[in-house]
Each structure stands twice: as C-alpha cells, then as structure tokens.
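For this chain, numbers begin at 1 and follow the sequence in order. Just follow the structure's listing: the first ligand is 1, and inside any ligand the first atom is 1.
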Amino acid sequence: MTAGVRAESETAPRDDVLLEVRDLQTHFKTRAGVVRAVDGVSFAVPAGASVGIVGESGSGKSVTSLSIMRLISSPGFIAGGQILFQGRDLAALSEREVQAIRGRDLALVFQDPMSALNPVYTVGKQVAESLRAHQKLTRQAALDRAVELLSMVGIPAPERRVHEYPHKLSGGMRQRVTIAMALANEPSLLILDEPTTALDVTIQAQILDLVRDLRRRVNTAVLLISHDIGVVAEICEEVVVMYGGRVMERGSVEQVTKNPRHPYTVGLLNSIPRPEMKGRKLSTIGGTVPNPLRMPPGCPFQPRCPKAMDICSSKPELSEAGDGRQIACWLS
Ligand code: SF4
C-alpha cells in the first residue's frame, strides 16, 4: 500500500484511499499578519494503512491533524484545499455533519491524556459515554463494553478499573484509556498526535507495542503525528516529512529512513540515537525553525540547509523523484 500525493489532474478520490488531503491550507490571522501554518499539504492514507507525519515543533504536523478533525478554532481557519474522508470533503461539511463522523469513523488521541479525560468521571463512564454518543446502548451494555475495551488496551483488572477516576491511574494507563475511548466505535482512521511524548521511555515502548498490536487485531488505519522519525518508523509503512507547513519528502518508511534524499530528512535522522552510532556524538540540525511570519520566500529549509544553493531562493515544488517518492528540493 502506498500513500500518494495526488496528481494535479485528479478530482475524484481513489478507491483504495480512506483519507486524501489535497493542497490543504490552514492559516492563523494574527495582529502581525497571517501565519500559513499548513501551506499546501497533500498526502493520502489508504484503508487499513499506517502513515506517519514527522517534523519538528512548528512544522505544521499537528495543525494538519487538527484540520483533518476540523478542530481548528479562531483565529485559525482552513483557507483552502480538500480533506476527502471516505469520499466526503470534511473541509466543506457543517459542524453538525462533522460531529457525526468525529469519534465514530475518525478518532483522535492527544499527547496529554489528561486533556482528553474528565477528572470528575470514572474512566468506565467516560469510555461508556464515547460508545453511547454514537451507538444505541443501555448504560449497563456500554459499561460492559467499556470493560472489554479496557482489557483490549492492556489495562489489568478492567472490571475494577472502570470504577476508578483518571488521577488514580499512571500516565501510561491514562493513555491506554484514551486509546480505548478512541477505538470505542471502531473508527476507520485513528489519528495519534504525539501519543508517547508525555510518557517515559519504557512506557513509550509499551504504548507503541499496543498500537502495533491493535493494528493487527482491528483493521483501523493509523495516522501517527510525531517529532520523532524513529517512533514513526516503528509503526508506519509510509512517512510524510513536514517543515515550515509544507511536505519536504514522502515515501515508504524503508526508503526515507534508509536512503533519505531531502537534507531536512537527513538532519532529522542524524539527530536520533541509533545502535550503529554508539560512541559517536549525535548531530543536531543547526539554527531554528523560522518565524512563521517571516518564512523564506523560497525553500523554507534554506536558512538551515547545509546544501543550500542560489536556486533555493525559489520555492521547490513537491515532485516525483523517480523512485516512488516525492521530494521538494532542488537537489532532486
Ligand atoms: Fe536545501 Fe535547497 Fe534543497 Fe531546500 S531546496 S533543502 S535549501 S538544497
């Protein structure tokens, strides 16, 4: 399965594609000007596939996921493009229509489980309410199903845990509860936005194992948002590398991690610890993410790119690189 960037001539969604984001533009109006947080992003998630979006803070990856969920609030707005989910353009639907889809066919897990959980209700009630929001179930049937869901996400003694409040659970257990809530209505697409960033390393690994295991057991497609290309490589088949609100490189995880071709992807990979680098100093990408109000007119990575050339002051479009991936770089 491949996640593809659309050809310009395509207008209808492809049959095998669950989600197709086309030329998405999400902007924020500020007193100092308009911030183009997402500036023409296109990618696709085939049914049942796992696609990762990776990039540093400020790359636009989380704004992309919030745009897909239609959770961008003022002063942000979707300024252009399409978000085709199961053939319907989410960007053009009313809030009421989106509410019917959100939480049922399309679910989101946030970085901080406490922001998704209500401290005054038991976890069982919260999972049960997620079910009852979209399914006709009695309270008892929903609670019974909540026990099953907590068991599915690896929470020990789920019959007892359903009656506990979120503050009684560890961070890892809370994140398991939010994943159970997200999976309650068997969504076609689960968006995980930095699901392990707030957790310590051991718990991170357990949550990644859980996501991998769930993907085998339930046929949900996954869109994983992470600053860590190593985390994306563990779960995903395809990766979209974002910088400055744009897609820099897209291809299979194998291609992009073993043979990165965009200088930004090279920088991201060099900054994660790998076994073969034992004893060697990790490198970092020099400089900082540019001020979104003063993006360079050409390639957004130009001020930090070790390979920058004169032509880079013109914007490189994302184009086919000849090996099945797309790259936005004059070197390609
Ligand atoms: Fe570097 Fe130029 Fe490629 Fe941008 S277009 S990544 S500045 S070489």
**OP:** Heavy-atom contacts with Trp330 under 4.0 Å: which atoms of ligand 1 show up? List them by number with element.
**Re:** 3 (Fe), 5 (S)

Original post:
Checking salt bridge (charged side-chain N to carboxylate O under 4.0 Å, His left out) for the pair Glu234/Arg212: CA distance, chi angles, key distance, verdict?
Top reply: CA-CA 8 Å; Glu234 287 207 33; Arg212 237 190 322 262; 3.4 Å; yes

Original post:
If you measure only the distance, is there a donor-acceptor pair under 3.5 Å linking the side chains of Gln175 and Thr178?
Top reply: yes

Original post:
Do the rings of Phe301 and His262 sit parallel, tilted or perpendicular, given the 30° and 60° boundaries?
Top reply: tilted

Subject >> Contact atoms of ligand 1, heavy-atom distance to Cys299 under 4.0 Å >> reply: 4 (Fe), 5 (S), 6 (S), 7 (S)

Subject >> Passing option when His134 is tested against Arg102, Arg104, Gln99 for side-chain contact (heavy atoms from CB on, under 4.5 Å) >> reply: Arg104

Original post:
So, Cys329 and atom 3 (Fe) of ligand 1: N/O/S under 2.8 Å, yes or no?
Top reply: yes

Original post:
Hey, is His262 touching ligand 1 through its side chain, its backbone, both or neither, going by heavy atoms under 4.0 Å?
Top reply: side chain

Original post:
Out of Lys168, His167, Arg161, which residue meets the side chain to side chain donor-acceptor pair (under 3.5 Å) rule with Glu164?
Top reply: Arg161

Original post:
Is atom 4 (Fe) of ligand 1 less than 2.8 Å from at least one N/O/S atom of Cys312?
Top reply: no

**OP:** Below 4.0 angstrom from a heavy atom of Cys305, which ligand 1 atoms are there? Numbered from 1 as shown, please.
**Re:** 1 (Fe), 6 (S), 7 (S), 8 (S)

